Amino acid sequence: LEKAAQGMYSQWSFRVVPERVRQYYFTRNGDGYRIADDIKNMVKLVYLNLAIDDYPHVTNDTENMDVIFCRNVLMYFTPERQRAVVERLFRCLANDGLLVVSPAEASIVEHPHLVPENIPGTVLFRKSDTPKPTFEGFQFVLPEPVPQICLDSAPDFLPLPWPPEEEEEEISEIPPFPAEAPPAAVEVQSGPERDPYEVALELYNRGDYPAAIAELLPVFDPDSEQLVDPGGAALLLSKAFANKGDLEDALKWSQRAVADDKLNPEGHYLHGTILHEMDRSEEAVLAMNRAVFLDPDLVPAHFALGNLFQRRGRRKDRDRHYRIALAILSRYSADDTVPAWEGMTAGKLSELIEALSSKES
């Protein structure tokens with residue numbers, strides 16, 4: 001909460017955000033960016049323990065909410081606790097309000113009045129007076145992948161809670177984006193002397209995933225004469241599709257990456273991560289086991305296996321992988337970035353594992 005109150009974000013946070021958003025609503029501050037005070041003053045940060053029955057309540061502003069984002073949280077609770085939290089979140093919502101969870105948690109939301117809706121790349125449930133149909137064998141099915149809208153093609157304004165146009169009072173502290181002079185897009189110079197993988201990697205690091213995909217797909221054309229490491233290209237394609245939310249395409253290219261380089265632990269780890277996100281836990285466990293077999297010090301894979309076994313009630317296996325992860329993390333200083341996990345420090349991950357280890361299955 002203290003970090004959130006500072007309103008500071010790293011370059012990594014803007015990987016899928018249009019440049020104009022950063023220019024208008026953030027200012028450079030050291031190695032990061034600070035959000036504008038006009039935006040920060042709209043936000044209220046409070047502590048809430050989901051496991052305690054003190055919400056919804058007017059004293060903590062948890063009543064009549066329009067949208068609740070609760071992603072990658074429910075999976076760490078016991079089934080009984082999951083049902084209790086979902087019930088309380090349901091009571092926090094206004095009529096037609098939305099509960100947003102991760103794809104891996106969709107099967108946890110089994111409330112009769114939380115009706116699933118298919119939104120491309122998103123798993124959400126709408127509070128409804130009409131209960132959803134219940135019959136034996138019902139399963140929530142992820143929507144088929146559909147073309148995603150590139151963020152760079154979004155309109156030249158940020159949809160914030162502005163007053164209706166008919167109101168006389170105007171808010172001028174946060175100007176809308178000027179449509180007549182949008183910031184020029186940064187182009188990557190590519191030529192015959194540059195490997196398409198290098199160009200795509202540069203685009204990927206900038207957060208322009210559609211452009212990275214467009215640069216790499218021709219590499220796999222049978223008539224292409226471009227020389228590129230096929231395993232690396234497929235792996236990068238999988239990451240780009242995953243970051244766009246196209247899990248089916250991400251899975252296809254992660255399978256290709258594993259086939260091209262069966263001894264690369266990163267490929268198996270990425271493949272397992274996508275399977276986990278698609279709620280295919282048994283396959284995810286197999287992929288993660290292959291990753292740690294090839295690289296026993298791959299902390300993210302051990303952590304993922306611990307989480308997978310936690311969901312399956314296998315506490316002994318969960319604790320084993322958490323212990324291994326903690327032992328590896330002890331070799332680093334608290335501020336060191338965890339290898340293969342950008343943005344996560346060894347100290348933060350150790351604290352998280354210690355907290356999760358204390359939970360009952």
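What you see is a predicted model; the values in this text were computed from it and never measured.
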inquiry  = Let's go through Arg311 and Asp279 carefully: what are the C-alpha distance in whole Å and the side-chain angles of both, what is the deciding distance for side-chain contact (heavy atoms from CB on, under 4.5 Å) to 0.1 Å, and is it a yes or a no?
reply    = CA-CA 11 Å; Arg311 292 190 62 197; Asp279 202 22; 3.4 Å; yes

inquiry  = Between the side chains of Arg323 and Asp319, is the shortest nitrogen-to-carboxylate-oxygen separation below 4.0 Å, so that they form an ion pair?
reply    = no

Spacing of Ile35 atom CD1 and Tyr25 atom OH [to the nearest 0.5 Å] = 10.0 Å

key: Side-chain donor/acceptor of Gln82 to backbone N/O of Phe77, under 3.5 Å   = yes

request  = Quick one: do Tyr55 and Val85 satisfy side-chain contact (heavy atoms from CB on, under 4.5 Å)? Show the steps, please.
outcome  = CA-CA 10 Å; Tyr55 64 99; Val85 172; 3.8 Å; yes

ask   = CG/Asn289 to CG/Leu294 distance, rounded to the nearest 0.5 angstrom?
value = 11.0 Å

query = What's the spacing between Leu308 CG and Met75 CE if we round to 0.5 Å?
reply = 8.5 Å

key: Single-linkage hydrophobic cluster, 4.5 Å side-chain cutoff, Leu99 and Leu48 together   = yes

Note, Glu266 side chain near Leu235 side chain (heavy atom, < 4.5 Å) = yes

query = Using 30° and 60° as the class limits, which term best fits the ring planes of Tyr33 and Phe14: parallel, tilted or perpendicular?
reply = perpendicular

request  = Let me see the working for Glu215 and Tyr197 under side-chain contact (heavy atoms from CB on, under 4.5 Å), right down to the final yes or no.
outcome  = CA-CA 8 Å; Glu215 185 72 29; Tyr197 176 83; over 6 Å; no

query = Could you go step by step and tell me if Val338 and Thr345 meet the side-chain contact (heavy atoms from CB on, under 4.5 Å) rule?
reply = CA-CA 5 Å; Val338 178; Thr345 64; 5.8 Å; no

key: Pair Asn264-Tyr269, side chain to side chain donor-acceptor pair (under 3.5 Å): steps then yes or no   = CA-CA 9 Å; Asn264 183 358; Tyr269 169 69; over 6 Å; no

query = Between Pro296 and Ile324, what is the shortest heavy-atom contact and its length?
reply = O-CG2, 4.5 Å

inquiry  = So which atom in Glu277 and which in Leu247 form the shortest heavy-atom distance, rounded to 0.1 Å?
reply    = CG-CD1, 3.8 Å

remark   = Nearest heavy-atom contact between Ser238 and Ile274 is OG-CD1, 3.3 Å

request  = Treating Ile, Leu, Val, Met, Phe, Trp and Tyr as nodes and any side-chain heavy-atom pair under 4.5 angstrom as an edge, say whether Val292 and Leu286 lie in one connected cluster.
outcome  = no

task = Please check if atom CG in Asn41 has more than 12 non-hydrogen atoms from other residues, nucleotides or ligands closer than 6.0 Å.
result = yes

Contact summary for Ala212 and Ala200, nearest pair of heavy atoms = CB-O, 3.5 Å

request  = Could you tell me whether a side-chain N or O of Lys127 sits under 3.5 Å from a main-chain N or O of Leu93, the two making a donor and an acceptor?
outcome  = yes

query = Is the backbone N or O of Met288 less than 3.5 Å from a side-chain atom of His268, with the two atoms forming a donor-acceptor pair by type?
reply = no

ask   = For Gly306 and Arg318, which heavy atoms make the closest approach, and how far apart are they?
value = O-CG, 3.2 Å

query = Heavy-atom distance under 4.5 Å between the side chains of Ile68 and Leu98, does that happen here?
reply = no

task = Measure the CG-CG distance between Asn49 and Asp54 for me, rounded to the nearest 0.5 Å.
result = 7.5 Å

inquiry  = So, using salt bridge (charged side-chain N to carboxylate O under 4.0 Å, His left out) as the criterion, who are the partners of Glu87 when residues are at least two apart?
reply    = Arg91

request  = Check for a donor-acceptor pair, side chain of Arg81 on one end and backbone N or O of Ala51 on the other, with a separation under 3.5 Å.
outcome  = yes

task = For residues Phe125 and Val100, determine if any side-chain heavy atom of one lies less than 4.5 Å from a side-chain heavy atom of the other.
result = no

request  = Hey, could you give me the CZ/CG distance between Phe69 and Leu124, rounded to the nearest 0.5 Å?
outcome  = 9.0 Å

Joint hydrophobic cluster, Leu45 plus Met42, side-chain heavy atoms closer than 4.5 Å = no

request  = With the side chain counted from C-beta on, respond yes when Leu89 and Met65 share a heavy-atom pair under 4.5 Å apart, and no when they do not.
outcome  = no

ask   = CG of Leu326 to CZ of Phe303: how many Å apart, nearest 0.5 Å?
value = 10.0 Å

Heavy-atom check, side chain of Leu203 versus side chain of Ile213, under 4.5 Å = no

query = Are any non-hydrogen side-chain atoms of Ser10 and Asp31 less than 4.5 angstrom apart?
reply = no

ask   = Under a 4.0 Å N-O cut-off, is there an ion pair linking Lys348 with Asp335?
value = no

request  = Fit a plane to each ring of His302 and His321, take the angle between them on a 0 to 90° scale, and name the class: parallel (under 30°), tilted (30 to 60°) or perpendicular (over 60°).
outcome  = tilted

ask   = Is the closest side-chain heavy-atom distance between Val101 and Ile108 below 4.5 Å?
value = no

ask   = Would a hydrophobic clustering, with Ile, Leu, Val, Met, Phe, Trp and Tyr connected at side-chain separations under 4.5 Å, put Leu275 with Val258?
value = no

message = For the backbone of Ser333 and the side chain of Asp336, can you confirm whether one donor and one acceptor N or O come within less than 3.5 Å of each other?
response = yes

ask   = Less than 4.0 Å between a side-chain N and a carboxylate O, is that true for Arg331 and Asp297?
value = yes

inquiry  = A side-chain contact here means heavy atoms from C-beta on lying under 4.5 Å apart; do Cys70 and Leu50 qualify?
reply    = yes

query = Got a donor-acceptor contact below 3.5 angstrom from the Arg290 side chain to the Pro265 backbone?
reply = no

remark   = Excluding Val46, membership of its hydrophobic cluster (Ile, Leu, Val, Met, Phe, Trp, Tyr; side-chain heavy atoms within less than 4.5 Å) reads none

ask   = In terms of hydrophobic clustering (I, L, V, M, F, W, Y; side-chain heavy atoms under 4.5 Å; direct or indirect links), are Val299 and Phe293 co-clustered?
value = no

query = Which pair of heavy atoms, one from Leu305 and one from Val285, lies closest together, and at what distance?
reply = CD2-O, 3.9 Å

request  = Could you tell me whether a side-chain N or O of Ser13 sits under 3.5 Å from a main-chain N or O of Tyr9, the two making a donor and an acceptor?
outcome  = no

